[in-house]
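The block underneath contains the structure these notes are about, expressed in structure tokens.
Since this is a predicted model, take the numbers as computed values, not measurements.
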Amino acid sequence: MIEILTSAQVDQARVSGALVADVLHAMKARATVGTNLLEIDAWAKEMILDAGAVSCYVDYAPSFGNGPFGHYICTAVNDAVLHGMPHDYALADGDLLTLDLAVLTGGIAADAAISFTVGEKQRPEDLAMIDTTERALAAGIAAARPGAKIGDLSRAIGTVLKADGYLVNTEYGGHGIGTTMHGDPHVPNTGRPGRGYQLRPGLLLALEPWIMADTDKLVVDDDGWTLRSATGSRTAHTEHTIAITETGAEILTLPSSR
């Protein structure tokens, strides 16, 4: 189902979005060499519950997962790119970490993800992948306005990803969001302009370009959730929740200090 939110619901989405961004940036600051992924999950839980928010992940049990996720944040390291389940792993210098988070406040969800390197060792190819996803996300947001079609956003995102030489997987991508975390429409990370649902004010979308260094194929971990590159190559993933307004798109998942 595609949801069109009221102005009051969009206001609430701004609250959820700011919280998501605040938690992600706090976790990024704490994610240093030696930090355990389970510590990050515990810190995220504390911030979410202290804010009176509800995790979108703990009880989440879609058809593509293995039972309830059971954690508060996704932590994907190096060759893991999506749905990274926190586990007993201490971050090493040079790890490429993606944090993905979604919460509900007042019954409205917001969803975002960031990728970054840990410690002092920074591989140029990792930074290049992160930069590509960030520019692709910016292109998708720039294409989002009333009257545009989902395919216009997908084309804008995919053009950036492909121009930098990356293969694009369309199994997982952006999505509608509102009273639930995952809704229609699906927003693939590549597509044909002029196709798909026509955007309207009040529509919320989570746009999320993600790439793997040398493949578009995924494999699933034994945990039944974590998706990794089939070749073991590194990965990157960036996401914002946006609201379609009368004049364009508003990014909702920015830190409250912004």
Exercise. What's the spacing between T133 OG1 and I114 CD1 if we round to 0.5 Å?
Worked result: 11.0 Å

Exercise. So do R135 and D164 actually touch side chain to side chain, heavy atoms under 4.5 Å?
Worked result: yes

Exercise. Would a 4.5 Å heavy-atom cut-off, applied to side chains only, mark T190 and S154 as touching?
Worked result: no

Exercise. Hey, which of V23, D22, L24 is the one that makes side-chain contact (heavy atoms from CB on, under 4.5 Å) with V20?
Worked result: L24

For this session: Write down the atom of A31, the atom of L97, and the distance for their closest heavy-atom approach.
Result: CB-CD2, 4.0 Å

Exercise. Can you tell me if H87 uses its side chain to pair, donor with acceptor, with the backbone of M85 under 3.5 Å?
Worked result: yes

Exercise. Got a salt bridge between D152 and R195, using NZ or NE/NH1/NH2 to carboxylate O under 4.0 Å?
Worked result: no

Exercise. Per the side-chain contact (heavy atoms from CB on, under 4.5 Å) rule, which among L252, L204, L207, I177 passes with I242?
Worked result: L207

Problem set entry | Inter- and intrachain pairs under ring-ring contact (aromatic ring centres under 6.0 Å, His included), touching residues 123-174, at least two apart | F64-Y172, H83-Y172

Exercise. Got a second to check how far M129's CE is from W210's CH2, nearest 0.5 Å?
Worked result: 12.0 Å

For this session: Scan side-chain atoms only and decide if T105 and Q12 contain a donor-acceptor pair under the 3.5 Å cut-off.
Result: yes

Exercise. Between T253 (side chain) and T241 (backbone), is there a donor-acceptor pair under 3.5 Å?
Worked result: yes

For this session: Show your working on side-chain contact (heavy atoms from CB on, under 4.5 Å) between N169 and N189 and close with a plain yes or no.
Result: CA-CA 7 Å; N169 177 295; N189 283 326; over 6 Å; no

Exercise. What's the spacing between H186 NE2 and E171 CD if we round to 0.5 Å?
Worked result: 9.5 Å

Exercise. Within a strict 4.5 Å, meaning less than it, do heavy atoms of the Y89 and L38 side chains meet?
Worked result: no

Problem set entry | Side-chain H-bond candidate by donor/acceptor type, N78 with D95, under 3.5 Å | yes

Exercise. Donor-acceptor pair, R200 side chain versus Q198 backbone, under 3.5 Å?
Worked result: no

Exercise. S115: what forms a side-chain hydrogen bond (donor to acceptor under 3.5 Å, both in side chains) with it, not counting sequence neighbours?
Worked result: T98

For this session: With side-chain contact (heavy atoms from CB on, under 4.5 Å) as the test, would you mind laying out the steps for V160 and L137 before giving the verdict?
Result: CA-CA 9 Å; V160 175; L137 178 58; over 6 Å; no

Exercise. Any luck finding a side-chain donor-acceptor pair between E250 and T245 under 3.5 Å?
Worked result: no

For this session: Measure from the side-chain N and O atoms of S16 to the backbone N and O of I108, and report whether any donor-acceptor pair falls under 3.5 Å.
Result: yes

Problem set entry | Min side-chain heavy-atom separation T75-D100 under 4.5 Å | no

Problem set entry | G224 backbone acceptor or donor facing D221 side chain under 3.5 Å | no

Exercise. Run the side-chain contact (heavy atoms from CB on, under 4.5 Å) check on V77 and L96 step by step: do they pass?
Worked result: CA-CA 6 Å; V77 182; L96 200 169; over 6 Å; no

For this session: Measure the CG-CE distance between D79 and M212 for me, rounded to the nearest 0.5 Å.
Result: 10.5 Å

Exercise. So with a 6.0 Å cut-off around CG of D50, is the heavy-atom count from everything else above 12?
Worked result: yes

Problem set entry | Partner set under ring-ring contact (aromatic ring centres under 6.0 Å, His included) for H182, not counting sequence neighbours | Y60, H175

Exercise. In chain order, what residues pass the salt bridge (Lys or Arg N to Asp or Glu O under 4.0 Å) check against D214, with sequence neighbours excluded?
Worked result: none

Exercise. When rounded to the nearest 0.5 angstrom, what distance separates CE in M27 from CD1 in I73?
Worked result: 6.5 Å

Problem set entry | Polar contact flag, side-chain donor to acceptor under 3.5 angstrom, D88-N36 | yes

Problem set entry | D93 side chain vs E120 backbone, donor-acceptor pair below 3.5 Å | yes

For this session: Report the C-alpha separation of E39 and R30 in whole Å, then their side-chain angles, then the decisive distance to 0.1 Å, and conclude whether the salt bridge (Lys or Arg N to Asp or Glu O under 4.0 Å) test is met.
Result: CA-CA 9 Å; E39 291 181 292; R30 294 185 180 190; over 6 Å; no

Seminar exercise, completed: To the nearest 0.5 Å, atom OH of Y197 lies from atom CD1 of I150 at 8.5 Å

Problem set entry | No-hydrogen, no-angle side-chain donor-acceptor test under 3.5 Å, K217 and S229 | no

Problem set entry | Close side-chain approach of C74 and L101, heavy atoms under 4.5 Å | no

For this session: Among residues two or more places apart or on two chains, list those pairs meeting ring-ring contact (aromatic ring centres under 6.0 Å, His included) that have a residue in residues 32-58.
Result: Y57-F69

Exercise. Excluding sequence neighbours, so at least two apart, what forms salt bridge (Lys or Arg N to Asp or Glu O under 4.0 Å) with R123?
Worked result: E125, D126

Exercise. Would you call K45 and D41 a salt bridge, using N to O less than 4.0 angstrom?
Worked result: no

Problem set entry | Close side-chain approach of T180 and C56, heavy atoms under 4.5 Å | no

Problem set entry | Over 12 foreign heavy atoms within 6.0 Å of CZ, R155 | no

